[in-house]
Amino acid sequence: MDQKQQVIDTLSTVLDGELNKDEITNMIEIPKTSDLGDYAFPTFMLAKLRHQAPQQIASDIVDKLDKRAFEKVQATGAYVNFFLNKTNYSANVLQTILTQQDHYGDANVGKGGNVTIDMSSPNIAKPFSMGHLRSTVIGNAIANIITKVGYHPIKINHLGDWGTQFGKLMVAYMKWGNEADVKKDPINTLLKYYVRFHKEAETNPELNDEARLWFKKLEDGDEKATYLWTWFRDESLKEFKRIYEELGIDFDHYTGESFYNDKMQAVVDELKQKHLLEKSRGAEIVNLDKFNLNPALILKSDGATLYITRDLATAIYRHDTFHFVKSLYVVGLEQQEHFKQLKAVLSLMGDEWAKDIQYIGFGLITQNGKKLSTRKGNIVLLENVLQDATKLALKQINEKHPDLPNKEEVAHDVGVGAVIFHDLKNNRLDSFDFNLEEVVRFEGETGPYVQYTNVRAQSILRKANVKHIDPQSALQLSDANAWDILKLLGDYPATVMRANNDYEPSVIAKYALHLSKAFNKYYANSKVLVDDDEKNARLALVESVSIVLQNALALLGVKAPAEM
RNA sequence: GUCACAGUAGCUCAGCUGGAUAGAGCAACGGUCUUCUAAACCGUGGGUCGUGGGUUCGAACCCCACCUGUGACACCA
């Protein structure tokens, strides 16, 4: 970073009067390949100002520059290319990492402010699908990333534990269900009821009326309805918690939709009092024409509340309770409009903190190009995917490393890691088609590839019989093969910031892949464990790579076993 | 129809604020384990960056139009 400043300062002494430092800063770029240097300055703008050929300008600048701080500076075409002093740079970066360890890349832009994160939020009595995995792992990674830059995350699992689907479930249970089946395999059994309900309701629409009636009973506190609801909820939550444990993810709150039942009337009253409600087609709405949005439906024509009514209550509750500096919602892209409406209504209500609500959308997971649908029974169960992945990992371990201790645990870390990493490595806005083979792949740009890279580094450190390299020892490294690694290591703090600014875990995942690739290349070309002047510096490099890879994986919520 | 997101190699995708020959992985073919774990590394082939205009010294990236896909669009969440 201060390396870049040095480039800027050096250039500005020569370009004084033509370009100021800010202009120069904006023009500095990083060449695609390191044989073109580490920083480059294009001269096209100057060519325009000076009415001169850019190539000529580039070589003029090189002639006039003070080149002492750099390994070399040369003109290539229209560019001035700067090559950093490798030995100084390596000593700086490695010393910083070895000193700071896990804290390398930490920042304090958050200043300890609370950030609520609405994430995961599966529906009770429905299986945990790949779709919920996205919200869960993206939300978790964002929580880790914002923690690293100084915020305090509050992870909230906004369970779908209320609504007419419970009426459907109760009707189905009373008609076709029995207690023993539910106890044996709660979610799958409840799912069967749910699917059957929809199938039968197609030919027998009165079932829907019955379901509505039972949901009304639940709302009115009917004993039997409440009993069933509580039972379904408890059984489902038990299963969800098992899955979260497998994923290594926990929550600060499980306050679901039912939690806000008694908090909606206040919202409706406030909207009324502020004259924001109007009658339309029998329903109570908030007109959002001036936001160029569809109206927000607050009350149905029968007086019942709706999705947005509850989310308004939720947002207000979270603000009053947690005094957040940001409130994040990690919810699929198909709900984008809803969150725009939510913010619009809140700002009409005069809640200036509405601007702190940040919707973090992500693309759908489809199967054979179609949306996954619980109703139609076409879903991919996360649990099955995790099991398949773990099984496959164990098979690999048995082939490659049969005498590894704690094989099962490592297989689990690798299998689950593959699934999580697969979900996080692409831009979160992209949707993707579910393909089991793709998800549980262990070669190429995958989680296990990164894990394996760290295992290699760990293995070297074990063989060298050192735990930590002294940060104060000689860390100058001149090996050209190590250069790409050193630059990447130096980029890590900026990478973390970018992931934070964009709420984009894939930035970290891609970084981990790049660093792994660079290290594996180095590993194939240079031997670390040979006794010469730079051995200590090489070990420092290896330890630094391992520190940063482990940190990046931890941000993503992926485990980093020491052996595999 | 309106709005949103997307369209880059056979497939899955990178490409940071516009810049130097558009990059990876998978798949295909070929090479590398007596030497730090081959879940790796190296090489070969493979591209009208959806289409057409425009802005710019320079566009995969910015602007406009169009085409295609997906999703949302009033009493589900």
Side-chain angles (χ1 to χ4, degrees), chain A residues 26-27 29-33 36 40 42 44-45 47-48 54 76-79 81 121 123 160 162-165 257 280-285 292-302 304-308 310-311 331-338 340 361 363-364 366 369-371 393 396-397 399-401 404 414 418 422 425-427 429-433 435 437-438 441-453 455-464 491 494-495 498 502 506-507 510 513-514 516-517 519-530 538 542 563-564:
Chain A
N26 286 330
M27 289 161 76
E29 48 190 84
I30 295 167
K32 288 196 181 104
T33 56
L36 290 168
F44 302 106
M45 284 302 269
K48 215 174 173 185
T76 308
Y79 291 83
N81 292 331
S121 311
N123 293 320
W162 204 251
T164 43
Q165 78 264 25
E257 294 170 5
S280 168
R281 297 184 218 171
E284 295 285 348
I285 66 155
N292 206 13
L293 291 169
N294 288 317
L297 265 172
I298 304 295
L299 294 176
K300 297 199 232 179
S301 40
D302 66 3
T305 58
L306 279 150
Y307 185 28
I308 198 159
R310 191 177 307 272
D311 262 7
V331 182
L333 228 33
E334 70 271 23
Q335 294 192 27
Q336 185 161 207
E337 175 97 357
H338 167 76
K340 282 184 186 165
L364 284 179
T366 56
K370 284 192 207 118
K371 193 179 167 181
Q396 293 242 27
I397 293 170
E399 282 166 18
K400 295 168 200 287
H401 203 161
L404 179 74
V414 172
H422 176 266
K425 76 171 175 184
N426 291 330
N427 189 326
L429 294 175
D430 290 350
S431 42
F432 66 86
D433 204 62
N435 176 330
E437 278 171 50
E438 199 67 43
R441 175 162 271 146
F442 299 152
E443 282 142 33
E445 297 173 325
T446 64
Y449 173 77
V450 178
Q451 290 172 319
Y452 178 71
T453 308
V455 161
R456 283 181 138 184
Q458 284 293 315
S459 180
I460 292 173
L461 295 172
R462 243 188 342 265
K463 289 258 156 60
D491 284 345
T495 304
R498 194 148 67 85
D502 298 345
S506 70
V507 168
K510 278 166 198 148
L513 288 170
H514 285 142
S516 297
K517 180 133 182 86
F519 183 76
N520 280 317
K521 186 171 186 171
Y522 173 77
Y523 185 96
N525 289 307
S526 299
K527 180 106 176 144
V528 175
L529 296 176
V530 277
R538 282 195 303 271
V542 173
E563 292 181 78
M564 64 192 265

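Convention: sequence-line order gives letters A, B, ...; per-chain numbering from 1. A quick note: this is a predicted structure, and the numbers were derived from the prediction, not measured.
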Stepwise side chain to side chain contact (heavy atoms under 4.5 Å, CB included) check, A:Thr305 with A:Leu299 = CA-CA 5 Å; A:Thr305 58; A:Leu299 294 176; 4.0 Å; yes
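Between the P atoms of B:rA60 and B:rA22, the separation comes to 10 Å (whole Å). When the P atom is compared between B:rG46 and B:rG10, the two are found 11 Å apart, to the nearest whole Å. Separation of the C1' atoms belonging to B:rG15 and B:rC3 is 28 Å when rounded to the nearest angstrom. Between B:rC57 and B:rC16, the distance separating the two P atoms is 23 Å to the nearest Å. Rounded to whole Å, the separation between the C1' atoms of B:rC13 and B:rG47 comes to 14 Å. Distance noted for atom C1' between B:rA39 and B:rG50: 37 Å (whole Å). Comparing the C1' positions of B:rU51 and B:rA6 gives a spacing of 16 Å, expressed to the nearest Å. Atom name C1', nucleotides B:rC42 and B:rG52: the rounded distance is 43 Å, in whole Å.
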Which atoms of nucleotides 1-9 of chain B (N or O only) lie under 3.5 Å from a protein N or O atom, and what are those distances?
residue	atom	partner	partner atom	Å
B:rA4	O2'	A:Gln336	NE2	2.5

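Listed candidates were B:rU37, B:rA20, B:rA24. Nearest to the side chain of A:Ala40 is B:rA20. Residue A:Ala524 has its side chain nearest to B:rC41 when only B:rU56, B:rC41, B:rU37 are considered. Nearest to the side-chain atoms of A:Phe442 among the listed nucleotides B:rC36, B:rA74, B:rA39 stands B:rA39.
Rounded to whole Å, the distance from CD on A:Glu443 to P on B:rC13 is 20 Å. When rounded to the nearest whole Å, the span between NZ of A:Lys32 and C1' of B:rG15 equals 9 Å. B:rC26 atom P lies 14 Å from atom CD of A:Glu437, rounded to whole Å. Taking atom CD1 of residue A:Ile460 and atom C1' of nucleotide B:rC36, one finds them 5 Å apart after rounding to whole Å. Regarding A:Asn520, its CG atom lies at a distance of 15 Å from the C1' atom of B:rU32, rounded to whole Å. As a whole-Å value, the separation of A:Gln335 CD from B:rC73 C1' is 14 Å. Distance OH (A:Tyr307) to P (B:rA72): 13 Å, rounded to an integer number of Å. The NE2-C1' distance, from A:His401 to B:rC33, rounds to 16 Å in whole Å.
Base engagement by A:Glu29 is indicated by at least one non-hydrogen atom pair under 4.0 Å involving a base atom. Within 4.0 Å (heavy atoms only), A:Thr33 reaches no atom of the nucleic acid at all. Across all strands, A:Pro54 comes closer than 4.0 Å to no nucleic acid atom at all (heavy-atom distances). Counting any heavy atom pair closer than 4.0 Å across all strands shown, A:Arg441 reaches sugar-phosphate atoms only and no base atom.
Using a 4.5 Å cut-off on side-chain heavy atoms (C-beta onward), A:Met564 and A:Phe442 make no contact. Residues A:Val528 and A:Tyr522 meet the side-chain proximity criterion, which asks for heavy atoms closer than 4.5 Å.
Residue A:Arg456 has a polar side-chain atom (N or O) positioned under 4.0 Å from OP1 or OP2 of B:rA38. Residue A:Lys463 places at least one side-chain N or O closer than 4.0 Å to OP1 or OP2 of B:rU37. Contact check, A:Lys400 against B:rU37: no side-chain N or O comes under 4.0 Å of OP1 or OP2. Not one side-chain nitrogen or oxygen of A:Lys521 sits closer than 4.0 Å to the OP1 or OP2 atom of B:rC41. Put simply, A:Tyr522 has no side-chain N or O that comes within less than 4.0 Å of OP1 or OP2 on B:rC42. Under 4.0 angstrom from either OP1 or OP2 of B:rG25 there lies at least one side-chain N or O belonging to A:Lys517.
More than 12 heavy atoms of other residues, nucleotides or ligands shown are found within 6.0 angstrom of CD on A:Glu399. Other residues, nucleotides and ligands contribute only 12 or fewer heavy atoms inside 6.0 Å of the CE atom of A:Met45. The environment of CG in A:Asn292 is sparse: at most 12 heavy-atom neighbours from other residues, nucleotides or ligands sit within 6.0 Å.
A 3.5 Å limit on both hydrogen-bonding distances identifies B:rU12 as the Watson-Crick or G-U partner of B:rA24. The base-pairing partner of B:rU56, taking Watson-Crick or G-U wobble contacts with both distances under 3.5 Å, does not exist among the strands shown. Across all strands shown, B:rA6 forms a Watson-Crick or G-U wobble pair with B:rU68, both key distances being under 3.5 Å.
A salt bridge is absent between A:Lys340 and A:Glu337; no separation between the charged side-chain nitrogens and carboxylate oxygens falls under 4.0 Å.
Remark: the A:Ser280 side chain and the B:rA74 base include a donor-acceptor N/O pair separated by less than 3.5 Å.
A side-chain donor-acceptor contact under 3.5 Å links A:Thr453 and A:Asn520.
In textbook terms, a nucleotide whose glycosidic angle is within 90° of 0 is syn, while B:rC61, being further out, is anti.
The two atoms that bring A:Pro448 and A:Val414 nearest to each other are CG-CG1, 3.8 Å, heavy atoms only.
Checking A:Ala283 against A:Asn81, the closest nucleotide of RNA chain B that is more toward the 5' end is the one next to A:Asn81. Nearest-nucleotide positions on RNA chain B for A:Asn426 and A:Gly160 put A:Asn426 closer to the 5' end.
Stacking of A:Arg456 on the aromatic ring of A:Phe519 is not recorded, the 6.0 Å distance cut-off and the 45° axial limit not both being met.
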